[in-house]
Amino acid sequence: MPTDTSKPMKLERYNSYIRKVHSTKLLNASSKFLFRVTLLIALVLILFFTINYPPLSDNTHSAPHHHHRHSFLSTSLFSGSSLVGGAAWEKQVRHSSTPRRVNGFSVLVTGAAGFIGSHCSLALKKRGDGVLGLDNFNDYYDPSLKRARQNLLSKHQIFIVEGDLNDGPLLTKLFDVVPFTHVLHLAAQAGVRYAMQNPQSYVKSNIAGFVNLLEVAKAVNPQPAIVWASSSSVYGLNTENPFSERDRTDRPASLYAATKKAGEEIAHTYNHIYGLSLTGLRFFTVYGPWGRPDMAYFFFTKDILQGKPIDIYRTQDQKAVARDFTYIDDVVKGCLGALDTAEKSTGSGGKKKGPAQLRVYNLGNTSPVPVGRLVSILEGLLNTKAKKHVITLPRNGDVPYTHANVTLAYKDFGYKPTTDLASGLRKFVKWYVNYFGIESKHSKETQHFDESS
Ligand SMILES: O=C(O)[C@H]1O[C@H](OP(=O)(O)OP(=O)(O)OC[C@H]2O[C@@H](n3ccc(=O)[nH]c3=O)[C@H](O)[C@@H]2O)[C@H](O)[C@@H](O)[C@@H]1O
């Protein structure tokens with residue numbers, strides 16, 4: 001009987017079968033594991049990109065911390081509806097910036113769709129300077145008013161690039177296309193009381209945005225001279241009267257004021273290190289046609305016409321709160337005067353070559369008016385009684401009064417305000433009833449309104 005050799009063979013086959021099964025199982029298990037890990041990584045990556053690279057249509061100011069990535073994309077591809085960097089876009093930029101007078105300026109106006117920005121842009125263009133606007137059209141107040149100002153500017157051949165101050169590549173691109181002689185930097189997060197609701201927006205525009213602009217301006221060749229908007233609010237708790245540029249400005253009463261004061265210090269630094277010519281203008285409660293709807297004179301007019309109550313602030317010790325309300329045309333003259341007397345920056349290639357001009361001026365009206373008086377003037381112009389709530393000034397960053405000494409601006413560029421509050425408000429109301437199509441005896445009186453007034 002042959003010996004059964006099949007047993008060890010079978011055993012061997014069985015063992016090898018078991019090994020195979022195990023290794024296949026192992027293989028199956030490890031490939032399943034690998035597959036799951038890959039899936040997980042893919043999901044994590046998708047999540048990461050969704051969070052960090054929002055779609056292009058995203059609103060830049062709704063998500064400040066995403067801003068840099070977003071702006072990189074928007075700069076590389078689109079800004080608003082026009083292709084940034086494209087031939088047609090460059091042509092528009094150049095055309096808008098080219099002066100039409102001998103020795104005319106090429107001015108980059110930031111915040112050109114804003115109140116003071118739009119008025120200054122028109123004034124510069126009318127006298128033959130080249131003007132390019134930059135504005136992010138944010139929705140701090142109704143952007144349709146900014147669009148309307150943009151339309152007005154485009155009728156005068158002024159192009160506004162839609163973009164943010166914090167968009168470094170965009171700013172660099174603009175300076176690549178145009179060797180701006182001047183920057184009139186008016187883009188900012190304005191408003192004293194809103195700083196308590198949205199403090200970060202002040203840091204983002206008034207500090208980070210300003211630094212970004214200065215970084216670009218110091219690096220370009222030639223460096224432009226910069227005139228920019230500071231604020232009367234830097235005087236804060238100052239008690240000297242009237243306010244002079246020599247007074248203390250180290251006690252701001254609001255974050256808004258603190259960011260403007262920070263701007264003045266930052267200006268000092270860039271002037272000192274890089275030779276940038278810098279002029280800060282401390283505006284005093286500027287008002288007029290095409291004004292800002294967040295300001296008291298504007299929303300008082302709206303509320304009075306709609307029969308809504310208005311709050312009139314009084315100080316803690318029940319004194320009237322007063323402002324040195326300054327009419328827009330006077331401020332525009334001040335801005336142009338500052339530009340005309342701005343000396344050239346002295347640096348080149350990011351290096352200082354010699355001392356450069358550093359200035360600060362008050363641009364006010366020199367006659368403070370109590371808020372109650374502002375309301376009576378409006379009541380007269382609107383022929384409607386206001387529902388007045390007189391309340392004690394809430395702790396909201398407001399200061400009790402402002403009053404400008406403008407001797408310095410007068411001495412250096414002949415600044416002389418000529419419009420009193422009653423005449424200025426008359427012009428504002430005339431614009432207001434026309435712009436909003438309000439049917440009253442006022443609109444009949446003003447049928448022949450000139451939209452650029
Ligand atoms: O001069 C400036 O530097 C500042 O002027 C204005 O700030 P403000 O003077 O507070 O102007 P409004 O907000 O229009 O207020 C005008 C006056 O009305 C008062 N007010 C405001 C709102 C209100 O409901 N009731 C009221 O009595 C304020 O206390 C203030 O005295 C601008 O809003 C700032 O952007 C600018 O920088």
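The first residue of the sequence shown is numbered 1, and numbering continues consecutively from there. One-based numbering, in listed order, for ligands and for the atoms of each. This structure is a prediction, so every number in the text was calculated from the model and none was measured.
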_Out of all atoms in ligand 1, which are within 4.0 Å of some heavy atom of V192? Include the element for each._
7 (O), 10 (O)
_Protein heavy atom at shortest distance from atom 29 (O) of ligand 1_ = D398 OD2, 2.9 Å
_Given R282, K388, R193, M295, identify the one with the heavy atom nearest to atom 6 (C) of ligand 1._
M295
_Below 4.0 Å from ligand 1: does a non-hydrogen atom of K260 turn up there or not?_
no
*Would you call Y287 a ligand 1 contact, heavy-atom distance under 4.0 Å?*
no
*Closest approach of any protein heavy atom to atom 25 (N) of ligand 1, naming residue and atom*: D311 O, 2.7 Å
*Heavy-atom contacts under 4.0 Å between Y313 and ligand 1: side chain, backbone, both, or neither?*
both
*Ring-face cation contact, F105 with R101, 6.0 Å cut, 45° max*: yes
_Six-ring centre of Y141, K146 cation under 6.0 angstrom, axis tolerance 45°_ = yes
_Contact between ligand 1 and F299 is defined here as a heavy atom of the residue under 4.0 Å from a ligand atom; is it met?_
yes
*In Å, rounded to the nearest 0.5 Å, how long is the span from CZ of F115 to CG of L145?*
10.0 Å
_For atom 8 (P) of ligand 1, what is the closest protein heavy atom, and at what distance to 0.1 Å?_
R323 NE, 3.8 Å
*Can you tell me which residue and heavy atom of the protein come closest to atom 3 (O) of ligand 1, and the distance to 0.1 Å?*
S231 OG, 2.5 Å
*Considering the heavy atoms of V321, write down every atom of ligand 1 situated less than 4.0 Å from one of them.*
29 (O), 31 (O)
*Between E245 and R359, is there a side-chain N and carboxylate O pair less than 4.0 Å apart?*
no
*Could you tell me whether R248 sits above the aromatic face of Y235, with NZ or CZ closer than 6.0 angstrom to the six-membered ring centre and within 45 degrees of the axis?*
no
*asked:* Over 60° means perpendicular and under 30° means parallel, so tell me whether F298 and F436 are parallel, tilted or perpendicular.
replied: perpendicular
*asked:* Show me which atoms of ligand 1 lie under 4.0 Å from any heavy atom of G191.
replied: 35 (O)
*Can you list the atoms of ligand 1 that are under 4.0 Å from a heavy atom of F284?*
1 (O)
_I'd like the name of whichever of V369, D324, V375, T285 reaches closest to atom 11 (O) of ligand 1 through any heavy atom._
T285
*Of the backbone atoms (N, CA, C, O) and the side-chain heavy atoms from C-beta on, which set of F300 has a member under 4.0 Å from an atom of ligand 1: side chain, backbone, both, or neither?*
side chain
_ligand 1 contact by Y401, heavy-atom criterion under 4.0 angstrom_ = no
*If you count the atoms of ligand 1 from 1 in the order shown, which ones are under 4.0 Å from a heavy atom of A190?*
35 (O)
*Residue pair L132 / F180: nearest heavy atoms and the distance that separates them*: CD2-CZ, 3.6 Å
*Considering all heavy atoms of both residues, which atom of D247 and which atom of P242 are nearest to each other, and what is their separation?*
OD2-O, 3.8 Å
*With a cut-off of 4.0 Å, which atoms of ligand 1 are near a heavy atom of F283?*
1 (O), 2 (C), 3 (O)
_Please list, in number order, the atoms of ligand 1 under 4.0 Å from a heavy atom of I312._
27 (O)
_Closest heavy-atom pair and its distance - Q157, K125_ = O-NZ, 3.3 Å
*Nearest-neighbour protein heavy atom for atom 2 (C) of ligand 1, which is reported as residue plus atom name and distance*: S232 OG, 3.1 Å
*ring-ring contact (aromatic ring centres under 6.0 Å, His included) evaluation trace for Y361 with Y415*: CA-CA 10 Å; Y361 294 104; Y415 173 75; 9.3 Å; no
_Residue and atom name of the nearest protein heavy atom (relative to atom 37 (O) of ligand 1), distance in Å to one decimal_ = Y256 OH, 2.6 Å
*If you have a sec, work out which protein heavy atom is nearest atom 33 (O) of ligand 1 and how many Å separate them, to one decimal?*
R292 NH2, 2.9 Å
*asked:* To the closest 0.5 Å, what do you measure between CG (D139) and OG (S144)?
replied: 11.5 Å
*Which protein heavy atom lies closest to atom 14 (O) of ligand 1, and at what distance to 0.1 Å?*
A296 N, 2.8 Å
*Please name all residues satisfying side-chain hydrogen bond (donor to acceptor under 3.5 Å, both in side chains) with T315, sequence neighbours left out, ordered by chain then number.*
D317
*Within 45° of the ring axis of Y401 and under 6.0 Å from its six-membered ring centre, is that where the NZ or CZ of R323 lies?*
no
